[in-house]
Number of protein chains: 2
Amino acid sequence: MASSPRTNRRSAKPPTAGTDKVTIRDVALRAGVSTATVSRALNRPDKVRAATRERILKVVEETHFVYDGIAVSMISRRSRTIGLIIPTIMNSIYAASTQSIQRAAQAGGYTVLLGVSEFSPKQEAVLAQRLLERRVDGLILTGGNHDPSLIKKIRANGVPFLITWKLMRDQDWPSVSFDNYKAARAAVDFLVSLGHRRLGLVCGRTDVNDRALDRRRAFEDCLQRHGLSTNPALIHERDFEMEEGASAMAAMLDTPEPPTAVFCANDIQAIGALSLCRERGLEVPGDISIVGFDDLPATSYTRPKLTTVRVPAHDMGRRAAEIMIASIERRTPVQSVELQTELIVRETTAPPGRRVF
Amino acid sequence: MASSPRTNRRSAKPPTAGTDKVTIRDVALRAGVSTATVSRALNRPDKVRAATRERILKVVEETHFVYDGIAVSMISRRSRTIGLIIPTIMNSIYAASTQSIQRAAQAGGYTVLLGVSEFSPKQEAVLAQRLLERRVDGLILTGGNHDPSLIKKIRANGVPFLITWKLMRDQDWPSVSFDNYKAARAAVDFLVSLGHRRLGLVCGRTDVNDRALDRRRAFEDCLQRHGLSTNPALIHERDFEMEEGASAMAAMLDTPEPPTAVFCANDIQAIGALSLCRERGLEVPGDISIVGFDDLPATSYTRPKLTTVRVPAHDMGRRAAEIMIASIERRTPVQSVELQTELIVRETTAPPGRRVF
DNA sequence: TCAAAAAATGTAAACGTTTGCATTTTTGAG
DNA sequence: CTCAAAAATGCAAACGTTTACATTTTTTGA
């Protein structure tokens with residue numbers, strides 16, 4: 001809007017002008033060669049005579065020339081860029097996969113364009129549109145809950161994408177993830193196997209988070225499978241805050257028949273819940289057992305140490321990025337991968353019944 | 001490398017070809033107008049007749065046309081992109097500022113290009129070079145420890161940049177941050193004012209982290225100012241892991257004259273240190289006081305709750321992004337801002353001496 | 001020393017938009 | 001209806017690279 005691109009500032013520019021952007025043309029001029037030769041000196045050094053190359057490289061050095069990846073993208077029709085959308089970065093479990101994605105992308109010569117959707121498919125769609133406009137070569141999404149028109153657009157634009165944090169059975173939705181349902185089932189089965197009969201659940205909001213939904217379903221199915229009743233007062237969907245875990249736990253304890261074990265479908269809430277129990281003078285696991293989910297580093301530093309489900313966040317991130325890059329470069333469909341989880345039994349779980357409520 | 005850009009696939013393409021990228025030209029063709037009109041319909045709707053506009057918009061819808069931001073960047077010479085380099089995303093305090101930067105950037109119509117340097121100026125330089133190549137409109141860096149040639153390159157390319165997490169006194173280095181030295185001094189002064197005379201320090205590695213250096217200097221200056229001796233055995237530089245905080249604390253406790261108070265220059269290490277004390281059966285704060293730094297959410301959920309320094313991570317991120325965007329759009333120099341910190345006294349600090357070591 | 005082969009370099013088009021200016025179409029007043 | 005003014009649309013250049021092909025220079029081998 002400010003200046004017309006028509007105005008040819010360059011031709012009027014003295015050879016050593018201010019901080020104006022230096023282009024390959026400037027370098028060519030100063031080195032007394034054509035732009036083609038500069039380009040070759042930079043990309044295929046063996047294709048230009050040593051003397052010329054050195055002269056060019058010197059000018060590049062002097063002028064701090066940085067080649068314009070945008071122009072290159074224009075020609076090559078690849079941006080060497082991967083779009084990543086996560087629901088939040090504040091839960092360090094997403095930070096973990098993000099860091100691994102970023103690292104693997106960088107290793108492969110790609111840069112990560114980051115979007116944070118804050119659990120809103122709508123906002124995600126806006127974000128993703130922007131990433132598509134930036135011509136990302138691939139798109140890594142979180143979970144399976146997306147605006148349908150977004151997915152259509154991604155497909156129409158031929159941009160490879162994959163899902164993390166949620167195992168998709170659907171062939172058309174490649175995913176690199178573990179199985180939330182299976183992982184949660186293992187946790188709940190473990191509590192039942194310890195003898196617990198009154199179980200509580202704290203999880204994320206299933207309306208905006210299909211991973212939370214998988215885990216909740218696993219919980220409910222488990223109870224049913226074992227012939228246990230599900231008490232709605234013992235199921236709480238909350239945001240990912242320690243505070244929320246604490247208040248959910250408080251609500252359950254204030255119930256006529258409090259649970260003897262609580263499955264918190266993520267560690268953040270579990271830490272809050274655990275903290276509240278101790279504040280109320282309850283023994284964990286003597287009075288009540290708690291299982292978390294994610295295996296955050298902090299879970300080894302709670303008192304007592306938290307039993308939880310270890311999730312392959314780093315591995316998932318790395319694999320996702322590698323698979324994405326392979327798909328981009330080989331122009332091949334994205335490969336789905338299922339990763340495994342592991343129940344880490346620490347100190348917050350025991351058979352029930354030491355105290356009667 | 002694969003296909004020559006010369007080959008004009010387009011002219012040979014049947015009107016309803018596969019998933020090939022749809023360009024403004026395709027839309028123009030199908031709508032029976034020129035590319036200029038399509039462009040105007042999209043960007044200045046009032047400049048085209050309603051009937052035409054609708055026809056075009058319908059085609060856009062049908063073809064899932066996504067306009068090529070790369071081509072637009074090419075012309076406008078702005079990428080609507082902000083580069084952000086942080087040392088790690090795993091420490092949730094950086095995640096906090098990152099999230100706020102991302103949010104503010106998005107609100108302003110910008111996308112964030114993320115780089116994680118892992119505390120290496122060398123890696124940072126590589127990353128930043130890549131961001132410059134991607135023609136970021138601005139660059140947000142962490143701390144003041146950078147490859148000098150990188151800074152020169154940033155300047156030569158006329159890309160505005162700013163520093164977060166470290167207050168720069170130098171005019172040439174705009175920063176949006178709080179003062180690490182001042183903040184750390186407040187924490188140590190507080191411990192001294194409680195009566196502590198043997199103080200320990202756990203902090204990050206000062207050779208790669210100038211924020212840690214500021215905090216360490218504050219610690220040492222404080223002791224000296226109060227006429228206290230500094231015992232090298234009570235100063236530990238460690239990585240940002242709870243485990244590291246724990247082992248540093250262990251080392252100090254195993255010393256002939258253990259400290260009665262320890263300043264951990266970040267909460268991660270503080271949580272580890274606190275955990276170790278309790279494992280050894282020490283009363284906190286009865287036997288030993290601990291102060292952290294960052295005010296992570298988790299610090300309200302440790303037993304006892306951690307005294308720490310609250311850092312304006314979110315505010316800093318938001319301001320940094322806003323200031324950067326203002327600088328980009330108004331072509332004005334970046335404004336420096338100093339933010340304030342606050343000592344949050346919780347439960348891990350008390351006068352010394354209940355127990356004699 | 002010379003011609004042919006090989007190597008180095010140059011020329012110009014292309015990538016997908018936006019936009020100043022030119023041209024065409026529509027509108028509206030008389 | 002006419003014609004001038006206004007509105008709508010089209011044309012074509014430009015952004016900064018890369019690269020096929022053309023041209024020039026260097027090398028090689030008799």
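Of the side-chain N and O atoms in A/R44, one or more sit less than 4.0 angstrom from OP1 or OP2 of D/dT19. One finds no side-chain N or O of B/T35 lying less than 4.0 angstrom from the OP1 or OP2 phosphate oxygen of C/dT17.
In this structure, A/I24 atom CD1 and D/dC15 atom P are separated by 15 Å, rounded to whole Å. For the pair A/I56 CD1 and C/dT9 C1', the interatomic distance rounds to 10 Å; values are reported in whole Å. C/dA12 atom P lies 17 Å from atom CD1 of A/I75, rounded to whole Å. Put simply, CG on B/D68 is 18 Å from P on D/dC15, counting in whole angstrom units. Distance, A/Y67 OH to D/dT18 C1': 11 Å, rounded to whole Å. As rounded to whole Å, 13 Å separates atom P of D/dT19 from atom CZ of A/R77. Whole-Å rounding puts the A/R25 CZ to D/dG16 P distance at 8 Å. Atom P of nucleotide C/dC15 and atom CZ of A/R80 are separated by 21 Å, given to the nearest angstrom.
Proximity of a side-chain donor or acceptor of A/R318 to a complementary backbone N or O of A/I101 within less than 3.5 Å is not detected. With A/R78 contributing its side chain and A/S73 its backbone, the two residues share no donor-acceptor pair below 3.5 Å.
For the pair B/A36 and B/R135, both in contact range of DNA chain D, the more 5′-proximal nearest nucleotide belongs to B/A36.
If you check the side chains of B/Y110 and A/R130, you find no donor sitting under 3.5 Å from an acceptor.
For residues 127-152 of chain B, no pair satisfies ring pair (Phe, Tyr, Trp, His ring centres under 6.0 Å), with sequence neighbours left out. Sequence neighbours left out, not one pair with a member in residues 21-40 of chain A passes ring pair (Phe, Tyr, Trp, His ring centres under 6.0 Å). Within the structure, every pair that satisfies the side chain to side chain donor-acceptor pair (under 3.5 Å) test and touches residues 48-62 of chain A, not counting sequence neighbours, is listed here: A/R30-A/E62.
Atoms CG and OG1, from B/L113 and A/T111 in turn, are 6.5 Å apart once rounded to the nearest 0.5 Å.
Residues passing the side-chain contact (heavy atoms from CB on, under 4.5 Å) test with A/D46 are A/R44, sequence neighbours excluded.
B/K153 and B/D147 are not joined by a salt bridge, as no carboxylate oxygen comes within less than 4.0 angstrom of a charged side-chain nitrogen.
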Find every protein N or O atom lying less than 3.5 Å from an N or O atom of nucleotides 4-9 of chain D, and list the pairs.
{"unit_1": "D/dT9", "atom_1": "OP1", "unit_2": "B/T52", "atom_2": "OG1", "d": "2.4"}
{"unit_1": "D/dT9", "atom_1": "OP2", "unit_2": "B/R49", "atom_2": "N", "d": "2.9"}

Query - Intra- and interstrand pairs of DNA chain C - dot-bracket, Watson-Crick/G-U under 3.5 Å, | marks other strand - result: ||||||||||||||||||||||||||||||

